[in-house]
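Here's the structure, in structure tokens; my notes come after.
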Amino acid sequence: MIELILFFKIIAAIIAIESKNLLSAIVSLGAVGFALAIIMVFLNAPDVAIVQVLVEVVLLVILVRATLHRDLTDLKGKREFFVKVFGIVAVGAFFLGIAWGLISLPVFGSFPETAVSVAVPSEWYLAHGLRQTGISNIVTAVLLDYRAYDTLGEVTVLFSAILGAVVILRKKR
Amino acid sequence: MNNMPLAYGLAMILFAVGLYGVVCKKNAVKIIISLLIMENAVNLFILLIGYRKDGIAPVMVKGQEASEFASMAVDPLAQAIVITSIVIGLSIVALMIAIAIRLYDRYKTFDTSKMKDLKG
């Protein structure tokens with residue numbers, strides 16, 4: 001099931017990149033993001049799926065706002081031949097390296113063995129999360145209790161990025 | 001090669017599609033879209049790593065034993081990190097789109113090869 005939706009995602013991504021019209025490219029990107037939300041539901045991650053749907057809607061609104069009254073046609077000139085060849089070679093080299101790394105990973109769906117040193121805190125959170133924090137949703141317990149400084153940093157990044165966007169888009173007097 | 005799971009490979013193909021778009025496209029909005037596809041693929045890969053076959057969501061229900069729950073639930077840490085990553089990705093996109101709008105106001109096009117003011 002997950003693999004089927006992943007095929008759909010890859011097709012939507014190719015359409016989003018190769019489409020001639022910017023607006024249809026953005027709509028295809030929305031298909032990619034909502035398909036990711038469906039996959040998250042299949043992966044037993046309901047909290048992440050809710051966040052993904054919310055963020056995807058806001059993101060499509062931002063992207064459509066950015067392109068709606070500007071040129072919607074594709075650019076006529078092609079990239080130089082060398083750039084295209086270099087791009088394909090870079091993607092191929094990346095994929096070879098990734099395939100070499102993925103062989104050594106454990107089988108899909110075997111969570112405690114996936115990464116021995118990384119999985120230790122996860123199992124600790126699962127075993128002691130309710131007793132230590134009193135929160136039955138362990139994801140929220142990790143986000144707001146065990147790793148609250150991480151969330152503070154996230155909010156700092158969010159604040160400074162929005163501040164930067166406001167400064168860049170300010171009206172000139 | 002038979003050890004390599006199909007889902008990991010498909011996520012990496014999605015990443016490669018985004019990488020191709022970042023390297024080979026001229027339109028600034030297309031480059032931003034490709035970056036978003038790459039981010040999608042990486043988030044998905046982290047979630048796939050933390051998946052447990054026939055697992056349950058990491059939310060305890062009433063009357064559940066803690067030890068039994070710990071042996072069945074999927075990885076909560078990966079999900080928490082992915083939530084952080086998604087929200088940061090949104091703010092980064094807002095910043096990138098603001099820069100793209102500014103460039104459009106100045107050059108009247110999204111074509112990155114026409115923005116030559118800093119070209120040496």
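Everything numeric in this text was worked out from a predicted model, so none of it was measured.
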Next on the checklist: Tell me whether B/Tyr104 shares a hydrophobic cluster with A/Leu23, the cluster being built from Ile, Leu, Val, Met, Phe, Trp, Tyr side chains joined at under 4.5 Å.
Outcome noted: yes
Checklist entry - What distance do A/Phe7 atom CZ and B/Leu14 atom CG have between them, rounded to the nearest 0.5 Å? => result 12.0 Å
Checklist entry - Hey, are the side chains of B/Ile37 and A/Ile17 touching, using non-hydrogen atoms and a 4.5 Å cut-off? => result yes
Next on the checklist: What verdict does the side-chain contact (heavy atoms from CB on, under 4.5 Å) test give for A/Ile62 and B/Leu90, after you've listed the backbone C-alpha separation in whole Å, the side-chain angles of each residue and the deciding distance to 0.1 Å?
Outcome noted: CA-CA 10 Å; A/Ile62 292 175; B/Leu90 176 68; 4.3 Å; yes
Next on the checklist: How close do B/Leu95 and A/Ala165 get, counting heavy atoms only, and between which atoms?
Outcome noted: CD1-N, 3.5 Å
Checklist entry - Should A/Ile135 and A/Val48 be counted in the same cluster of Ile, Leu, Val, Met, Phe, Trp and Tyr side chains packed under 4.5 Å apart? => result no
Item to check | Within-4.5 Å side-chain heavy-atom neighbours: B/Asn40 and A/Lys9 | outcome: yes
Checklist entry - What residue, out of A/Leu163, A/Leu36, A/Asp150, has the most heavy-atom pairs lying under 4.5 Å from chain B? => result A/Leu36
Checklist entry - Linking I/L/V/M/F/W/Y whenever their side-chain heavy atoms sit closer than 4.5 Å, directly or via other members, would A/Ile38 and A/Ile50 fall into one cluster? => result no
Item to check | chain B contact via A/Ile26 - side chain, backbone, both or neither, heavy atoms under 4.5 Å | outcome: both
Item to check | Nearest heavy-atom neighbours spanning B/Ile97 and A/Ala66 | outcome: CG2-CB, 3.4 Å
Checklist outcome for this item: Rounded to the nearest 0.5 Å, the NZ atom of A/Lys84 sits from the OH atom of B/Tyr20 at a distance of 4.0 Å
Item to check | Region of B/Ile81 in contact with chain A, defined by heavy-atom distances below 4.5 Å | outcome: side chain
Checklist entry - Rounded to the nearest 0.5 Å, what separation is found between the OG1 atom of A/Thr67 and the CD1 atom of B/Ile33? => result 8.0 Å
Item to check | Test item: A/Leu169 and B/Ile101 side chains (from C-beta on) under 4.5 Å apart, heavy atoms | outcome: yes
Next on the checklist: Ring centres under 6.0 Å, that's the criterion: do B/Phe15 and A/Phe94 meet it?
Outcome noted: yes
Checklist entry - Taking atom CG of B/Leu10 and atom CD of A/Glu3, what is their separation to the nearest 0.5 Å? => result 6.5 Å
Checklist outcome for this item: Answer key: most heavy-atom pairs under 4.5 Å with chain A among B/Ile32, B/Leu19, B/Thr84 is B/Thr84
Item to check | Under 3.5 Å: donor-acceptor pair, side chain of B/Arg102, backbone of A/Ile168 | outcome: yes
Next on the checklist: With a 4.5 Å cut-off on side-chain heavy atoms, are B/Leu36 and A/Leu63 touching?
Outcome noted: yes
Next on the checklist: Quick check on the interface: out of B/Ile99, B/Val82, B/Leu44, who has the most heavy-atom pairs with chain A under 4.5 Å?
Outcome noted: B/Leu44
Checklist entry - Does the side chain of B/Ile88 come within less than 4.5 Å of A/Leu158's, by heavy atoms? => result no
Checklist entry - Nearest 0.5 Å, what's the CD1-OH distance between A/Ile2 and B/Tyr51? => result 5.5 Å
Checklist outcome for this item: Checked A/Ser136, A/Gly87, A/Ala161 vs chain B; the most non-hydrogen pairs under 4.5 Å come from A/Ser136
Checklist entry - Going hydrophobic residue to hydrophobic residue with side-chain gaps under 4.5 angstrom, can you get from A/Val155 over to A/Val166? => result no
Checklist outcome for this item: If one checks every heavy atom of B/Ala94 against chain A at 4.5 Å, the contacting part turns out to be both
Checklist entry - Taking the side chain from A/Gln52 and the backbone from B/Ile83, do they hold a donor-acceptor pair closer than 3.5 Å? => result no
Checklist entry - Taking side chain as C-beta onward, heavy atoms only, is B/Leu77 less than 4.5 Å from A/Arg147? => result yes
Item to check | Side chain / backbone / both / neither for A/Ile39 at chain B, heavy atoms under 4.5 Å | outcome: side chain
Next on the checklist: Quick check on the interface: out of A/Ile88, A/Thr151, A/Val142, A/Leu59, who has the most heavy-atom pairs with chain B under 4.5 Å?
Outcome noted: A/Leu59
Checklist entry - Are the side chain of B/Lys30 and the backbone N or O of A/Ser19 linked by a donor-acceptor pair below 3.5 Å? => result yes
Checklist entry - What pair of heavy atoms forms the shortest contact from A/Val139 to B/Pro58, and how long is it? => result CG2-CG, 3.6 Å
Checklist entry - Is any side-chain heavy atom of B/Val23 less than 4.5 Å from a side-chain heavy atom of A/Val91? => result no
Checklist entry - Of the backbone (N, CA, C, O) and the side chain (C-beta and beyond), which part of A/Ile14 lies under 4.5 Å from a heavy atom of chain B, both, or neither? => result both
Checklist entry - When clusters are formed by joining ILVMFWY residues with side-chain heavy atoms under 4.5 Å apart, either directly or through shared neighbours, do A/Val64 and B/Ile92 land in the same one? => result yes
Checklist outcome for this item: Rounded to the nearest 0.5 Å, the CZ atom of B/Arg52 sits from the CG atom of A/Leu43 at a distance of 14.0 Å
Checklist entry - Does a side-chain heavy-atom distance below 4.5 Å link A/Leu6 with B/Leu6? => result no
